[in-house]
Asks: 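Here it is, the structure in full.
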Amino acid sequence: MNSHTAQLAAFAAQLRFDAIPEPVVRKAEDLLVDWFGSAVAGHGSRPVESITRFAMAMGPQAAPGCDMPTAGPSEVITRRAWTSPYLAAMANAAASHVAEQDDVHNGSVFHPATVVFPAAVAVAQAIGASGRQLLTASVAGYEVGIRVGEFLGRSHYKVFHTTGTAGTLASAAAVGNLLGLDAGQMQHAFGSAGTQSAGLWEFLRTAADSKQLHTAHAAAAGLMSAYLGKDGFTGAAEIFEGAQGMAAGMSSDASPLKLTAGLGRRWATAETSFKYHASCRHTHPAADALLHVMRTHDLQHGDLARVVTHVHQGAIDVLGPVVKPATVHQSKFSMGTVLALVARYGHAGLTEFAQHFEDEVTRALRDRVEMKLDHEVDAAYPQRWIGKVTVHTLDGRELHGRVDEPKGDPGNTLSREEITAKALRLAAFSGGATAVEMQAAVDALWGVAEWPRVGALLPPAA
């Protein structure tokens with residue numbers, strides 16, 4: 001019972017609202033609203049629609065000879081429809097990861113919201129949980145998922161998409177907390193979740209849709225694992241540290257101590273960053289550093305002859321294969337494309353990607369950007385994501401820019417006004433909700449801690 005796995009499981013099972021410091025609760029509210037905007041942004045996305053069609057087809061159906069379809073207890077946000085918790089979690093997890101605007105925890109290189117909230121909201125709606133119970137469960141999911149990501153280490157991330165792997169554990173922790181699992185049941189749920197962990201970076205090479213499948217599977221598999229744990233189903237007792245567990249199969253630098261360090265004292269939830277640009281987070285430090293140079297020296301995109309980004313190895317591993325992006329989503333993993341859009345428009349948002357990622361001007365600027373491994377940046381990563389660029393101008397100048405905390409990091413965070421504005425932009429872009437609907441939904445979510453019961457996040461379709 002003293003293993004790191006057992007300690008983490010006990011923490012997730014026993015966490016209660018009153019034990020969470022108020023600033024962490026407020027941060028959880030911020031993260032929930034931010035996630036909701038990303039979930040609505042998934043409306044109409046081709047890969048999201050594919051997964052959602054599958055989820056709806058596998059859900060409750062009308063009985064033969066009956067004209068009245070049945071519905072489940074959990075909301076599919078992009079459809080304003082209802083299905084089972086398992087399938088709603090799957091659909092909403094896919095939806096909230098496609099816009100590349102969901103949150104990220106630097107030290108674990110993990111996107112918690114897109115696997116925690118879809119599962120937690122779906123189950124909270126199904127069992128009639130309160131807003132406080134939802135927030136508590138979500139914090140449990142964040143704390144577990146982030147620590148699992150940190151435990152798996154940098155070697156894991158080189159091949160595996162940590163959000164797909166650690167995400168199963170984050171989802172299981174959140175749902176297990178909602179279902180009232182005891183410590184032993186939670187440990188079994190972790191075993192079941194860990195054995196289903198999956199997600200490989202190979203999809204980036206061919207612009208495949210797998211990233212949405214990673215989050216859909218993680219949220220749903222974690223949810224299933226928690227329900228199975230509640231029912232007495234057993235899982236591996238030492239899924240993290242065991243001789244044939246996750247560390248053995250998925251990492252060469254795993255550190256079990258990171259699973260339990262500071263439990264109940266260090267709140268990793270509060271360390272989570274928001275995403276300002278609609279692109280892979282590995283591009284953000286360089287994008288902000290380039291913006292700093294351009295604003296300081298009053299440059300226009302036509303002044304740029306060459307831009308060298310000084311990056312950590314993780315950025316090279318993930319972004320390096322994307323040389324000539326073929327789709328909007330793949331372009332978000334192209335350092336050159338992101339910096340080209342930032343140079344042209346001051347922000348790499350959804351509209352900029354959708355309308356300009358393959359413009360002739362964007363392509364020309366893209367090809368002037370290169371990545372170089374920087375030992376200072378690499379040594380600081382993943383705890384700190386430093387942005388450094390060297391800009392060569394057409395008139396012969398060499399200019400240097402540096403950003404130590406990209407926009408959205410805890411020390412340079414988004415205000416609630418900025419989070420609200422971001423959510424409204426995301427809804428407007430996707431058409432997933434009207435401005436009036438989205439404003440009302442966000443206003444209500446800011447008061448989630450006072451909800452006696454978690455209900456629909458969006459009004460029914462007209």
Side-chain angles (χ1 to χ4, degrees), residues 42 45-51 93-102 104 108-111 114-115 149 152-168 197-218 249-252 275 277-287 307-309 311-341 348 350 352-354 356-359 362-373 378 381-382 385:
S45 165
R46 182 189 54 76
V48 171
E49 288 297 313
S50 183
I51 291 173
S96 56
H97 200 48
V98 73
E100 292 294 332
Q101 290 269 259
D102 50 309
V104 64
S108 56
V109 202
F110 168 60
H111 301 279
T114 192
V115 289
L152 289 169
R154 290 180 62 165
S155 66
H156 177 80
Y157 189 77
K158 190 175 181 68
V159 176
F160 291 96
H161 181 203
T162 306
T163 305
T165 55
T168 59
S197 291
L200 298 165
W201 282 118
E202 182 62 23
F203 75 90
L204 280 173
R205 298 178 187 276
T206 55
D209 297 329
S210 307
K211 202 161 189 273
Q212 281 62 65
L213 183 60
H214 292 177
T215 56
H217 169 76
M250 306 169 87
S251 175
S252 61
K275 290 178 76 173
H277 304 290
S279 60
C280 175
R281 180 66 172 178
H282 292 297
T283 67
H284 291 209
V307 178
V308 179
T309 64
V311 299
H312 51 265
Q313 184 62 48
I316 295 172
D317 293 340
V318 172
L319 307 177
V322 184
V323 179
K324 294 183 178 180
T327 66
V328 171
H329 192 257
Q330 192 185 34
S331 74
K332 297 180 177 191
F333 292 82
S334 162
M335 180 69 86
T337 301
V338 174
L339 266 61
L341 294 175
L350 295 179
E352 287 77 20
F353 278 104
H356 303 292
F357 91 92
E358 55 184 354
D359 286 0
T362 299
R363 293 200 308 270
L365 285 168
R366 177 195 73 197
D367 294 339
R368 298 175 201 167
V369 175
E370 62 180 290
M371 291 187 289
K372 285 189 176 181
L373 181 65
D378 192 57
Y381 171 83
W385 294 39

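Source: prediction; values computed, not measured.
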Asks: In plain terms, say whether Arg154 and Asp317 are close enough for a salt bridge, that is, a side-chain N and a carboxylate O under 4.0 Å apart.
Replies: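 No salt bridge links Arg154 with Asp317.
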
Asks: Are the side chain of Lys332 and the backbone N or O of Ala99 linked by a donor-acceptor pair below 3.5 Å?
Replies: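 Yes; at least one donor-acceptor contact below 3.5 Å.
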
Asks: For Thr362 and His356, indicate whether the former's side chain and the latter's backbone hold a donor-acceptor pair under 3.5 Å.
Replies: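 Pair found, side chain donor or acceptor close to backbone of His356.
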
Asks: Answer yes if the ring centres of Phe333 and His161 are under 6.0 angstrom apart, and no otherwise.
Replies: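 Here the rings of His161 and Phe333 have centres that are no less than 6.0 Å from each other.
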
Asks: Do side-chain atoms of Thr337 reach the backbone of Phe357 as a donor and acceptor pair under 3.5 angstrom?
Replies: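 The answer is no, because no donor-acceptor pair under 3.5 Å joins these two groups.
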
Asks: Taking Ser50 for its side chain and Pro47 for its backbone only, find out whether a donor-acceptor pair lies under 3.5 Å.
Replies: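 Pair absent, no side-chain N/O of Ser50 close to backbone of Pro47.
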
Asks: Between the main-chain N or O of Gly149 and the side-chain N or O of Ser108, is there a donor-acceptor pair closer than 3.5 Å?
Replies: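 Side chain of Ser108 to backbone of Gly149, a donor-acceptor pair under 3.5 Å: no, none is there.
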
Asks: Okay, side chain of Gln212, backbone of Ala95: is any donor-acceptor separation there less than 3.5 Å?
Replies: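 Not confirmed, Gln212 side chain does not pair with Ala95 backbone.
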
Asks: Please give me the minimum heavy-atom distance between Pro321 and Ile316, naming the atom from each residue.
Replies: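 What the structure gives for the nearest pair is CD-O, 4.0 Å.
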
Asks: What residues form a side chain to side chain contact (heavy atoms under 4.5 Å, CB included) with Arg46, not counting sequence neighbours?
Replies: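 Arg46 satisfies side chain to side chain contact (heavy atoms under 4.5 Å, CB included) with Asp209 only.
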
Asks: Let me check something: any side-chain donor-acceptor pairs from residues 364-373 under 3.5 Å, sequence neighbours excluded? List them with distances.
Replies:
unit_1 : atom_1 : unit_2 : atom_2 : d
Arg368 : NH1    : Leu304 : O      : 2.8
Glu370 : OE2    : Arg306 : NH1    : 2.6

Asks: Any non-hydrogen side-chain atom of Leu200 less than 4.5 Å from a side-chain atom of Val159?
Replies: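 SC-SC contact between Leu200 and Val159 confirmed.
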
Asks: Is it the case that the side chain of Thr283 and the backbone of Cys280 share a donor-acceptor pair, with hydrogens and angles ignored and the cut-off at 3.5 Å?
Replies: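 At least one qualifying donor-acceptor pair exists.
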
Asks: Keeping the roles fixed (side chain from His284, backbone from His277), state whether a donor-acceptor pair exists under 3.5 Å.
Replies: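 Between the backbone of His277 and the side chain of His284 there is a qualifying donor-acceptor contact (under 3.5 Å).
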
Asks: Give the minimum heavy-atom separation between Tyr157 and Trp201, together with the two atoms involved.
Replies: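 Smallest heavy-atom distance, with atoms named: O-NE1, 2.9 Å.
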
Asks: Would you confirm whether Thr114, through its side chain, and Ala93, through its main-chain N or O, come within 3.5 Å as a donor-acceptor pair?
Replies: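 Yes, Thr114 side chain to Ala93 backbone: donor-acceptor pair under 3.5 Å.
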
